[in-house]
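Notes to accompany the following structure.
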Amino acid sequence: MCMRRFHAGAVLVLMLAGILAAGCGTTTTGVRTGGSSRSSTPTTQSAANGTVIHTKTVTVNGRSVTALANSAGLTLYYFMPDTSAKVACTAACAANWPPLLSPAGAPSSSTPLPGKLTVLNGADGMQVLYNGHPLYSYYKDGDAGDAYGEGIGGKWHVATPALAEQGASTTATPTGSGGYNGGYNG
């Protein structure tokens, strides 16, 4: 008889703990990685429900460059095959290059940018674009100073504030970069 009461009491305590834990769940805004089983890293920050873009200095090809960054301070990249109307990096590609998504509202910048921030309804959600270029982080970048994705496959490049508008006839070279062509408009 004592054992049954103990067992019933233990079950009741576990059920109550489960109910309380379910009611105290947390949510984070993160990046979907196209069905990848790896956990998502939060890369968006809400300001009036939109994503906030930051700038930072990174070393690219031995030169100091001002780059766009997500709310975690990670470098943002663009993919040359993308267009302002179509995202080319989806599914398995997006597992290595998580798209920068905006949960709602228009994206904004923590500092003034010369270009335009918009969103495009892509395969993974509302992807943030800078001057018509969809933005991504790179899964190997773990610290704010990392820019390991630069130049991969000759098609991935660090996004800079000077990134030329998609479809523009000229390319931009960030000030003080000594020739780094981070403004290439694929």
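Just so you know, these numbers use all the heavy atoms, side chains as well, and skip hydrogens, waters and symmetry mates.
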Quiz item: Could you go step by step and tell me if Thr75 and Lys56 meet the side-chain contact (heavy atoms from CB on, under 4.5 Å) rule?
Solution: CA-CA 8 Å; Thr75 303; Lys56 66 176 186 166; 2.7 Å; yes
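- Side-chain contact between Tyr130 and Tyr78: absent, with no pair of heavy atoms (C-beta onward) separated by less than 4.5 Å.
- In this structure, a donor-acceptor pair under 3.5 Å is present between the side chains of Asp82 and Tyr136.
- Between Leu120 and Val87, the closest side-chain pair of non-hydrogen atoms falls below 4.5 Å.
- Side-chain contact between Thr59 and Val65: absent, with no pair of heavy atoms (C-beta onward) separated by less than 4.5 Å.
- Side chains of Leu135 and Leu129 form no contact here, defined as non-hydrogen atoms less than 4.5 Å apart.
- Close placement of the Trp97 and Tyr77 rings is indicated, their centers lying within 6.0 Å of each other.
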Practice problem: Test side-chain contact (heavy atoms from CB on, under 4.5 Å) on Asn131 and Thr118 and set out the steps. | Solution: CA-CA 8 Å; Asn131 276 345; Thr118 57; over 6 Å; no
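- Aromatic ring orientation, Phe79 versus Trp156: parallel (interplanar angle below 30°, classes split at 30° and 60°).
- In this structure, Leu68 CG and Leu117 CG are separated by 8.0 Å, a value rounded to the nearest 0.5 Å.
- Closest of all the heavy-atom pairs between Ala94 and Cys89 is N-SG, 3.6 Å.
- Surrounding NZ of Lys155 are at most 12 heavy atoms belonging to other residues, nucleotides or ligands under 6.0 Å away.
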